[in-house]
Trainee: 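First the structure, then my questions, so here it is.
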Protein chains: 4
Amino acid sequence: MKTPNPTRRSERSRQAILSAAFDLVAEIGYAKLTVEAIAARAGVGKQTIYRWWPSKGAVFVEAVLDLSRDERGELALPDTGDLRADLRGVLRAIVDEYNDPKLDAMSRALSAEALADPALNSEITGRILGPILEATRERLRSARRAGQVAADADLSVAVELLFGPVYHRWMLRTNPLTHEYADTVVEFALRALAPTQGESDSVSVKG
Amino acid sequence: MKTPNPTRRSERSRQAILSAAFDLVAEIGYAKLTVEAIAARAGVGKQTIYRWWPSKGAVFVEAVLDLSRDERGELALPDTGDLRADLRGVLRAIVDEYNDPKLDAMSRALSAEALADPALNSEITGRILGPILEATRERLRSARRAGQVAADADLSVAVELLFGPVYHRWMLRTNPLTHEYADTVVEFALRALAPTQGESDSVSVKG
Amino acid sequence: MKTPNPTRRSERSRQAILSAAFDLVAEIGYAKLTVEAIAARAGVGKQTIYRWWPSKGAVFVEAVLDLSRDERGELALPDTGDLRADLRGVLRAIVDEYNDPKLDAMSRALSAEALADPALNSEITGRILGPILEATRERLRSARRAGQVAADADLSVAVELLFGPVYHRWMLRTNPLTHEYADTVVEFALRALAPTQGESDSVSVKG
Amino acid sequence: MKTPNPTRRSERSRQAILSAAFDLVAEIGYAKLTVEAIAARAGVGKQTIYRWWPSKGAVFVEAVLDLSRDERGELALPDTGDLRADLRGVLRAIVDEYNDPKLDAMSRALSAEALADPALNSEITGRILGPILEATRERLRSARRAGQVAADADLSVAVELLFGPVYHRWMLRTNPLTHEYADTVVEFALRALAPTQGESDSVSVKG
DNA sequence: CAATAAGCGAGACGGTACGTCCCGTCTTGGG
DNA sequence: CCCAAGACGGGACGTACCGTCTCGCTTATTG
């Protein structure tokens, strides 16, 4: 196992490889993506790919991460004080992403890759999903401080209560993903997370 | 494209292929499964596989469906009258399945296949997941009649409120799947689905 | 080994198979001829072919024989008394056949088949070439009686002296096959076969 | 159609492929030779064969050519002055080769290949047969200068007069190929080629 | 400031599996 | 019992990619 020296690495090649991979997935789909095609498209030797990435999946994940780096930077949910509205905003945004054919296809490709390769899975969930989940958790924490959420609520589960249903419906295509659906999920979640009677009778959810 | 005549089909070969595929996935994993290996193991020509299935994924899905045909027959959740207990039973059972390495691997393989091929997806969800979801929906319907669930609750969403979080956590490996977790999800769901104050004051959830 | 009963044989199928084979060779060439294609073209089950012929080569040979049956019937060289003219006639006719692209291709196919399969070889040489060689030998025998050919000449070799050069040139494509060439070969052969001085001084070849 | 770069070609693989092909033909016969078997025997990927040769026939022909490269180098018939003896030597040698089962099989394989593929045909005749024919023609030219052969004899035809009959008999297996037969053919040829009466009365064929 | 060592493009290599074609056998149903 | 139809186990085809391995060719320190 030789560990190449990263200081010598060609940034030009790295960029060419990542965008070649990204474009090819858009054109032919992730399933038909090959390392040889990436190399050819990028004008790069295959060895240069194998030197820096362990698999085509890793290249693709990095491509996605790289191209969405800026957006996700310091992701934070807006905190308008209106928890219901803020959560609706997140879920509706996610529903919108899943309804974009390009993003849908890419997300499914990433998910399939994550299913097969645990290492890629943690990469993906850690760097793409992670920040969103964390930001939502943070928003719920703030709401809990404001007494809008039960004091003993497990926020990790709370987050899954919001994203789980949407993810489930998207993955299994059981029913259409609409804004109305997103709102319904938020409504259920708010009820589930609401402080118990008497815990805080002076503060309403809408507060 | 010539469509072969199914009346002449060899049932013996079909069975051999399906169980070869199933066994091979158990032994070497879905990712390393090949059509050639299935054919060799089944003592069958490759053409016989390609004649009846479009891909190795389709073979595997049919293998799973075929071998689980009897079990899922007329699936119905127990209805003890105790909704909390009944739902805990379902979610804990699912958590147990996902914690079995064999079943876990197989489920991930099926999910990956479903992601890549919408046709297989509906086959899978329709014949494996569908019955479970429907049975749970039926149990909730019964609970709604008993006044334990809000009269206006959308049961399709309710089901996703239960399964979504578990599925999310399993797929993304964000946290361990435990019975305790299952119970927490049930608790949240029951609160979310609970009849609104005054809707029915003579009936408690615990019934 | 089952020996089918020839009395039950379908003459209609036999004819269909032979002409399908013949036509297919004309269309796609002998090398690409397949039993399945013959069966499909003839509207016949593959088994019907395998029941009556041992190989596709055998079918083709029989096809050629069958379609040229009449011509070769009781083949005999003309005996005008002019040996030179008669032999030129045969060789020129052969040269003409080899110069016909259709017949050329077919002859090469037959030769290739004969090279690979001794059984077909004797079939071919016995039933196609044989009669021609025998007729020529007969003509030479007549000439020998007339004193135009040396009394001790081995006529089997004599025949090869005539056909060998033409065959050699055709097979190896070393030089073009022309009537002039045929005549030259005849000339050489006549000299080679001429009676030795004094053996018969009153009879000339041209006689 | 990408044409590979010959400078990067592996000579080791080339040699392994050629001798594997040669050995396999000797062991199982040309008809049963497969590209896969050659690759396996040579310890080579199939693609390496397809990269450099268009067909198994081409591999075999090159194998034969390569292994007989040295022998045929500057082929020249012995010129003892005794034309009859020299020609008998050539034809007897050829008869011997055809009577060696190994060489017989190989020659038939080459002939079949040459029949099906004109490109290979010229390769074969040009590099294997060509030199022999040319050497014989040269010997006859020398004999013509010595007055043992008619001045106006077409030596290309003369050569075919010698080899044609032998080739004919070998290809068609009409009669056994013996030294006696070779001698007979030489005898006929010498008579055919002999100078006409009076053309040169001071020189006999026997020299 | 040469020497030298790394990354690089290119692409040949040994391999594995693909999906197709055809082989020769076997089975079914019809005449 | 022959026939048409065609499914079957099997073997080879020629192709696509895999991941590894040289090749020369830049390029960027470093003795």
Side-chain angles (χ1 to χ4, degrees), chain A residues 2 4-14 16 32-40 42-52 54-56, chain B residues 2 4-10 12-14 16 32-40 42-52 54-56, chain C residues 2 4-10 12-13 16 32-40 42-52 54-56, chain D residues 2 4-10 12-14 16 32-40 42-52 54-56:
Chain A
K2 70 179 99 174
N5 180 351
T7 65
R8 293 252 194 179
R9 184 170 187 180
S10 159
E11 180 58 21
R12 150 184 280 275
S13 292
R14 186 179 160 276
K32 290 183 188 168
L33 182 68
T34 67
V35 172
E36 293 206 330
I38 297 173
V44 139
K46 286 198 293 174
Q47 196 58 252
T48 302
I49 296 180
Y50 285 111
R51 191 163 15 238
W52 302 110
S55 67
K56 69 163 184 171
Chain B
K2 70 177 80 170
N5 179 350
T7 66
R8 294 240 183 273
R9 183 167 187 180
S10 160
R12 150 184 281 274
S13 293
R14 186 179 159 275
K32 290 184 189 167
L33 182 68
T34 66
V35 173
E36 290 202 332
I38 298 173
V44 140
K46 282 199 291 177
Q47 196 59 48
T48 301
I49 296 180
Y50 285 111
R51 181 148 40 226
W52 302 110
S55 67
K56 68 164 186 170
Chain C
K2 68 179 100 173
N5 180 351
T7 64
R8 292 254 194 174
R9 183 169 188 181
S10 159
R12 149 185 280 275
S13 292
K32 290 182 186 168
L33 182 68
T34 67
V35 173
E36 293 204 331
I38 297 173
V44 139
K46 285 199 293 174
Q47 196 59 252
T48 303
I49 296 179
Y50 285 112
R51 188 157 25 235
W52 303 110
S55 67
K56 69 163 184 170
Chain D
K2 70 178 81 168
N5 179 350
T7 66
R8 294 240 183 274
R9 183 169 187 179
S10 159
R12 151 185 280 272
S13 293
R14 186 179 160 274
K32 289 183 188 168
L33 182 67
T34 67
V35 173
E36 291 202 333
I38 297 173
V44 141
K46 282 200 290 178
Q47 197 58 49
T48 301
I49 296 179
Y50 285 112
R51 181 149 39 225
W52 302 111
S55 67
K56 68 164 185 168

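Just so it is clear, the structure is predicted and the values come from calculations on it, not from any experiment. The figures that follow rest on heavy atoms only: side chains count, while hydrogens, waters and symmetry mates do not.
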Trainee: So does C/S13 get a side-chain nitrogen or oxygen closer than 4.0 Å to the phosphate oxygens (OP1/OP2) of F/dA4?
Mentor: yes

Trainee: Looking at every non-hydrogen atom in both residues, tell me the closest pair between C/I49 and C/I38 and how far apart they are.
Mentor: CD1-CG2, 3.7 Å

Trainee: Grab the CD1-P distance between B/I38 and F/dG9 for me, whole Å please.
Mentor: 14 Å

Trainee: Any protein N or O atoms within reach of nucleotides 3-6 of chain E? Criterion: under 3.5 Å, listing atom names and distances.
Mentor:
none

Trainee: When the distance from CZ of C/R9 to P of E/dG31 is rounded to whole Å, what number comes out?
Mentor: 23 Å

Trainee: For D/W52 and E/dA12, what is the distance between atoms CH2 and P respectively, to the nearest whole Å?
Mentor: 6 Å

Trainee: Can you tell me how far C1' of E/dC23 sits from NZ of C/K32, to the nearest Å?
Mentor: 19 Å

Trainee: Quick check: on DNA chain F, is the nucleotide nearest B/T48 upstream (toward 5') of the one nearest C/G45, or the reverse? Name the residue that is more 5'.
Mentor: C/G45

Trainee: Nearest to the A/K46 side chain among F/dC3, F/dC18, E/dT20, which nucleotide is it?
Mentor: F/dC18

Trainee: Given F/dA16, F/dT20, E/dC13, which nucleotide is nearest the side-chain atoms of A/Q47?
Mentor: F/dT20

Trainee: Mind calculating the distance between OH (B/Y50) and P (F/dA7) to the nearest angstrom?
Mentor: 18 Å

Trainee: Would you mind telling me which residue lines up with the more 5' stretch of DNA chain E, A/A40 or B/S55, judged by nearest nucleotide?
Mentor: A/A40

Trainee: Indicate the atoms forming the closest heavy-atom contact of D/L33 with D/K56, along with that distance.
Mentor: O-NZ, 3.0 Å

Trainee: In whole angstrom, give the distance that lies between atom CZ of D/R14 and atom P of E/dG14.
Mentor: 14 Å

Trainee: Please name the pair of heavy atoms, one in A/P6 and one in A/W52, separated by the smallest distance, quoted to 0.1 Å.
Mentor: CA-CH2, 3.9 Å

Trainee: Which heavy atom in B/G45 sits nearest to a heavy atom in B/A39, and how many Å separate them?
Mentor: C-CB, 4.3 Å

Trainee: Could you give the CD-to-P distance, from D/E36 to E/dG14, as a whole number of Å?
Mentor: 15 Å

Trainee: Can you measure from CG (C/N5) to CZ (C/R51) and round to the nearest 0.5 angstrom?
Mentor: 11.5 Å

Trainee: Using heavy-atom distances to pick each residue's nearest nucleotide on DNA chain F, tell me which of B/G43 and D/A37 is more 5'.
Mentor: B/G43

Trainee: Expressed as a whole number of angstroms, how long is the span from A/E11:CD to F/dT27:P?
Mentor: 16 Å

Trainee: Taking atom CZ of D/R9 as the centre, report whether more than 12 heavy atoms of other residues, nucleotides or ligands fall under 6.0 Å from it.
Mentor: yes

Trainee: Looking only at side-chain atoms of B/S10, point me to the closest of F/dC8, E/dA12, E/dG9.
Mentor: F/dC8

